[in-house]
Amino acid sequence: MTDLDRSTTTLADNGVDGGTGVVDPTGTLCALIADVLGLAAVDPGQSFTGLGGDSIQAIQVVSRARPAGLLVTTREVLRSETVAALAAGARAVGRPGAGAGPARTARRLGPFAPTPIMAWLGELGGPVDTYNQSLVLRTPAGFGAEDAVRVVQALLDTHDILRLRVPGGAATIDAGAAPGSTAGAEPTGAGPSVPPPGSVDARALIEHIEADTATDEELPGLVTERVRAARRLLDRKSVV
(Lines give C-alpha, C1' and ligand atoms only; values in the text may rest on other atoms or scores of the structure.)
Protein backbone atom coordinates (compact mmCIF):
# COMPACT_ATOMS: atom_id res chain seq x y z
CA MET A 1 0.00 0.00 0.00
CA THR A 2 1.27 3.45 -0.92
CA ASP A 3 0.51 6.42 1.30
CA LEU A 4 0.44 9.55 -0.86
CA ASP A 5 0.37 12.84 1.02
CA ARG A 6 -0.58 15.75 -1.23
CA SER A 7 -0.85 18.34 1.50
CA THR A 8 2.80 19.42 1.34
CA THR A 9 4.23 21.51 -1.48
CA THR A 10 7.76 20.50 -2.45
CA LEU A 11 10.16 22.38 -4.65
CA ALA A 12 11.46 20.84 -7.83
CA ASP A 13 15.24 20.57 -7.86
CA ASN A 14 16.91 23.52 -9.61
CA GLY A 15 13.50 24.96 -10.47
CA VAL A 16 11.47 28.03 -9.63
CA ASP A 17 8.50 27.69 -7.31
CA GLY A 18 5.73 29.93 -8.61
CA GLY A 19 4.80 32.60 -6.12
CA THR A 20 7.74 32.15 -3.76
CA GLY A 21 10.58 33.50 -5.86
CA VAL A 22 12.83 30.62 -4.79
CA VAL A 23 15.24 29.96 -7.62
CA ASP A 24 17.49 26.90 -7.44
CA PRO A 25 16.66 25.57 -3.94
CA THR A 26 19.67 23.25 -4.13
CA GLY A 27 22.04 26.15 -4.73
CA THR A 28 20.37 28.14 -1.96
CA LEU A 29 20.82 25.35 0.58
CA CYS A 30 24.41 24.73 -0.56
CA ALA A 31 25.21 28.38 0.08
CA LEU A 32 23.44 28.37 3.47
CA ILE A 33 25.20 25.23 4.64
CA ALA A 34 28.58 26.53 3.46
CA ASP A 35 27.99 29.73 5.42
CA VAL A 36 26.94 27.89 8.59
CA LEU A 37 29.87 25.47 8.43
CA GLY A 38 32.39 28.13 7.43
CA LEU A 39 33.23 26.49 4.11
CA ALA A 40 34.08 28.14 0.81
CA ALA A 41 31.56 26.00 -1.07
CA VAL A 42 29.39 22.91 -0.72
CA ASP A 43 28.68 20.43 -3.48
CA PRO A 44 25.06 19.24 -3.94
CA GLY A 45 26.28 15.65 -3.69
CA GLN A 46 27.76 16.14 -0.22
CA SER A 47 25.89 15.51 3.02
CA PHE A 48 25.56 17.93 5.93
CA THR A 49 26.86 15.43 8.51
CA GLY A 50 29.60 14.28 6.16
CA LEU A 51 30.85 17.85 6.11
CA GLY A 52 31.04 17.84 9.90
CA GLY A 53 27.71 19.50 10.68
CA ASP A 54 26.11 18.87 14.06
CA SER A 55 22.62 19.32 15.48
CA ILE A 56 23.20 22.91 16.62
CA GLN A 57 24.40 23.91 13.18
CA ALA A 58 21.46 22.06 11.63
CA ILE A 59 19.12 24.31 13.60
CA GLN A 60 20.97 27.32 12.17
CA VAL A 61 20.44 26.00 8.64
CA VAL A 62 16.71 25.59 9.33
CA SER A 63 16.38 29.12 10.69
CA ARG A 64 18.29 30.65 7.76
CA ALA A 65 16.42 28.64 5.16
CA ARG A 66 13.03 30.02 6.19
CA PRO A 67 13.77 33.68 5.25
CA ALA A 68 15.05 32.32 1.94
CA GLY A 69 11.63 30.77 1.34
CA LEU A 70 12.53 27.15 2.14
CA LEU A 71 11.02 25.08 4.92
CA VAL A 72 13.12 22.15 6.14
CA THR A 73 13.43 20.48 9.52
CA THR A 74 16.47 19.80 11.67
CA ARG A 75 15.92 16.08 11.24
CA GLU A 76 15.85 16.41 7.46
CA VAL A 77 19.09 18.41 7.47
CA LEU A 78 20.83 15.77 9.57
CA ARG A 79 19.44 12.69 7.79
CA SER A 80 19.40 13.69 4.13
CA GLU A 81 21.96 11.73 2.13
CA THR A 82 22.91 14.81 0.11
CA VAL A 83 22.11 18.52 -0.05
CA ALA A 84 20.32 17.82 -3.34
CA ALA A 85 18.06 15.32 -1.56
CA LEU A 86 17.39 17.87 1.18
CA ALA A 87 16.38 20.45 -1.43
CA ALA A 88 14.13 17.97 -3.21
CA GLY A 89 12.09 17.51 -0.03
CA ALA A 90 11.99 21.18 0.99
CA ARG A 91 8.64 22.93 1.26
CA ALA A 92 7.83 26.47 0.20
CA VAL A 93 7.26 28.86 3.10
CA GLY A 94 3.77 30.36 3.01
CA ARG A 95 2.24 27.71 0.77
CA PRO A 96 -0.77 25.67 1.94
CA GLY A 97 0.49 22.60 3.77
CA ALA A 98 3.89 24.10 4.53
CA GLY A 99 3.23 23.66 8.23
CA ALA A 100 1.86 20.15 7.87
CA GLY A 101 5.19 18.62 8.84
CA PRO A 102 8.14 17.13 6.99
CA ALA A 103 7.91 14.68 4.17
CA ARG A 104 8.65 11.15 5.27
CA THR A 105 12.37 10.47 5.31
CA ALA A 106 13.67 7.17 3.98
CA ARG A 107 14.86 4.93 6.78
CA ARG A 108 18.59 4.37 7.14
CA LEU A 109 19.01 0.59 7.42
CA GLY A 110 21.93 -1.74 6.84
CA PRO A 111 25.62 -0.76 6.61
CA PHE A 112 26.56 2.88 6.23
CA ALA A 113 29.67 5.02 6.36
CA PRO A 114 30.35 6.41 9.84
CA THR A 115 29.70 10.09 10.46
CA PRO A 116 32.72 12.28 11.33
CA ILE A 117 32.08 12.07 15.08
CA MET A 118 31.80 8.28 14.88
CA ALA A 119 35.05 8.08 12.92
CA TRP A 120 36.74 10.33 15.49
CA LEU A 121 35.57 8.02 18.29
CA GLY A 122 37.01 5.03 16.47
CA GLU A 123 40.33 6.80 15.97
CA LEU A 124 40.80 7.23 19.72
CA GLY A 125 41.92 3.62 19.91
CA GLY A 126 40.68 2.94 23.43
CA PRO A 127 37.69 0.96 24.69
CA VAL A 128 34.40 2.80 24.26
CA ASP A 129 31.84 0.08 25.00
CA THR A 130 30.91 1.59 28.37
CA TYR A 131 30.52 5.12 27.01
CA ASN A 132 26.95 6.25 27.51
CA GLN A 133 24.64 9.14 28.30
CA SER A 134 21.88 8.62 30.82
CA LEU A 135 18.88 10.47 32.18
CA VAL A 136 16.57 9.77 35.11
CA LEU A 137 12.89 9.87 34.12
CA ARG A 138 10.11 10.15 36.67
CA THR A 139 7.15 8.09 35.54
CA PRO A 140 3.51 8.73 36.49
CA ALA A 141 1.75 6.70 39.15
CA GLY A 142 0.69 3.32 37.83
CA PHE A 143 3.44 3.12 35.23
CA GLY A 144 4.64 -0.48 35.38
CA ALA A 145 7.18 -2.80 33.82
CA GLU A 146 4.98 -3.62 30.81
CA ASP A 147 4.47 0.08 30.14
CA ALA A 148 8.24 0.53 30.13
CA VAL A 149 8.63 -2.32 27.63
CA ARG A 150 6.09 -0.76 25.25
CA VAL A 151 7.70 2.68 25.45
CA VAL A 152 11.26 1.43 24.95
CA GLN A 153 10.20 -0.88 22.11
CA ALA A 154 8.51 2.05 20.36
CA LEU A 155 11.69 4.11 20.72
CA LEU A 156 13.87 1.31 19.39
CA ASP A 157 11.63 0.72 16.39
CA THR A 158 11.22 4.42 15.58
CA HIS A 159 14.75 5.74 16.02
CA ASP A 160 17.01 3.67 13.80
CA ILE A 161 20.28 4.79 15.39
CA LEU A 162 19.25 3.24 18.72
CA ARG A 163 19.66 -0.15 17.03
CA LEU A 164 23.15 0.67 15.78
CA ARG A 165 25.73 -2.09 16.01
CA VAL A 166 29.41 -2.24 15.08
CA PRO A 167 30.17 -5.87 14.19
CA GLY A 168 33.95 -5.43 14.30
CA GLY A 169 34.01 -3.43 17.52
CA ALA A 170 35.16 0.14 18.15
CA ALA A 171 38.56 -0.47 16.57
CA THR A 172 36.90 -0.96 13.16
CA ILE A 173 34.32 1.81 13.43
CA ASP A 174 36.08 3.86 10.77
CA ALA A 175 36.74 0.90 8.47
CA GLY A 176 33.45 1.31 6.65
CA ALA A 177 34.39 4.43 4.74
CA ALA A 178 37.28 5.56 2.65
CA PRO A 179 38.93 8.88 3.59
CA GLY A 180 36.79 11.80 2.51
CA SER A 181 33.63 9.76 2.01
CA THR A 182 30.35 11.15 3.23
CA ALA A 183 27.79 9.74 5.60
CA GLY A 184 25.47 7.41 3.77
CA ALA A 185 28.12 6.37 1.24
CA GLU A 186 28.55 2.69 0.48
CA PRO A 187 30.89 1.26 3.15
CA THR A 188 34.00 -0.59 2.07
CA GLY A 189 34.53 -2.80 5.11
CA ALA A 190 33.32 -3.70 8.57
CA GLY A 191 31.55 -0.68 9.95
CA PRO A 192 28.37 0.58 11.58
CA SER A 193 25.14 -1.14 10.62
CA VAL A 194 21.50 -0.61 11.57
CA PRO A 195 19.24 -3.69 11.65
CA PRO A 196 15.53 -3.34 10.78
CA PRO A 197 12.79 -2.34 13.26
CA GLY A 198 11.69 -5.23 15.47
CA SER A 199 15.14 -6.82 15.50
CA VAL A 200 15.96 -5.56 19.00
CA ASP A 201 13.77 -6.83 21.85
CA ALA A 202 13.14 -4.14 24.46
CA ARG A 203 12.09 -6.72 27.05
CA ALA A 204 15.58 -8.22 27.01
CA LEU A 205 17.11 -4.80 27.72
CA ILE A 206 14.95 -3.72 30.65
CA GLU A 207 15.66 -4.62 34.25
CA HIS A 208 12.82 -4.12 36.72
CA ILE A 209 13.93 -3.55 40.31
CA GLU A 210 11.44 -3.50 43.17
CA ALA A 211 12.39 -0.48 45.25
CA ASP A 212 9.22 0.04 47.25
CA THR A 213 10.97 -0.71 50.51
CA ALA A 214 14.08 1.38 49.81
CA THR A 215 14.48 4.46 51.98
CA ASP A 216 15.31 7.90 50.65
CA GLU A 217 18.87 7.37 51.88
CA GLU A 218 19.19 3.97 50.17
CA LEU A 219 17.67 4.89 46.81
CA PRO A 220 20.62 6.91 45.37
CA GLY A 221 23.01 4.06 46.13
CA LEU A 222 20.66 1.54 44.54
CA VAL A 223 20.39 3.64 41.38
CA THR A 224 24.16 4.08 41.16
CA GLU A 225 24.71 0.34 41.58
CA ARG A 226 22.26 -0.56 38.79
CA VAL A 227 23.66 2.12 36.44
CA ARG A 228 27.15 0.69 36.88
CA ALA A 229 25.85 -2.82 36.24
CA ALA A 230 24.08 -1.65 33.08
CA ARG A 231 27.25 0.03 31.80
CA ARG A 232 29.18 -3.23 32.14
CA LEU A 233 26.61 -4.90 29.86
CA LEU A 234 26.95 -2.39 27.04
CA ASP A 235 28.08 -4.09 23.84
CA ARG A 236 28.33 -2.19 20.55
CA LYS A 237 28.57 -5.46 18.63
CA SER A 238 25.16 -6.78 19.65
CA VAL A 239 23.22 -3.56 20.30
CA VAL A 240 22.90 -3.92 24.05
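Reckoned from all heavy atoms, side chains included, excluding hydrogens, waters and symmetry mates.
- Here the shortest heavy-atom pairing between Ala202 and Val149 reads CB-O, 3.8 Å.
- Following chains of ILVMFWY side-chain contacts shorter than 4.5 Å, one cannot reach Val223 starting from Phe143, and the two form parts of different hydrophobic clusters.
- In terms of heavy atoms, Ala211 sits closest to Leu222 at CB-CD2, 3.9 Å.
- Qualifying salt bridge (charged side-chain N to carboxylate O under 4.0 Å, His left out) partners for Glu218, counting only residues two or more places apart in sequence or in other chains: none.
- One N or O on the side chain of Arg91 and one on the backbone of Gly89 form a donor-acceptor pair closer than 3.5 Å.
- The two residues Asp54 and Gln57 have their closest heavy-atom pair at OD1-N, 2.8 Å.
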For this session: Walk me through it: do Arg79 and Asp160 pass the test side chain to side chain contact (heavy atoms under 4.5 Å, CB included)?
Result: CA-CA 11 Å; Arg79 297 190 64 176; Asp160 299 332; 3.2 Å; yes
For this session: Kindly determine whether Val42 and Phe48 satisfy side chain to side chain contact (heavy atoms under 4.5 Å, CB included), including the steps that lead there.
Result: CA-CA 9 Å; Val42 169; Phe48 178 77; over 6 Å; no
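- In this structure, Gln153 contributes its side chain and Val200 its backbone to a donor-acceptor pair below 3.5 Å.
- Put simply, CD on Glu81 and CD on Gln46 are 14.0 Å apart, with the number rounded to the nearest 0.5 Å.
- With sequence neighbours left out, the side chain to side chain contact (heavy atoms under 4.5 Å, CB included) criterion links Arg66 to Leu71, Val93.
- Taking every heavy atom of both residues into account, Ala154 and Thr158 meet most closely at O-OG1, 2.7 Å.
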Exercise. Can Leu32 and Leu29 be said to form a side chain to side chain contact (heavy atoms under 4.5 Å, CB included), step by step?
Worked result: CA-CA 5 Å; Leu32 288 174; Leu29 287 171; 4.2 Å; yes
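- Each of Leu39 and Ile59 belongs to its own hydrophobic cluster when Ile, Leu, Val, Met, Phe, Trp and Tyr are linked at side-chain heavy-atom distances under 4.5 angstrom.
- Closest approach of Pro44 to Thr26, counting heavy atoms only: CB-CG2, 3.7 Å.
- Under the 3.5 Å distance criterion, the side-chain polar atoms of Arg163 are matched with a main-chain donor or acceptor of Leu156.
- In this structure, Arg138 has no side chain to side chain contact (heavy atoms under 4.5 Å, CB included) partners at least two apart in sequence or on a different chain.
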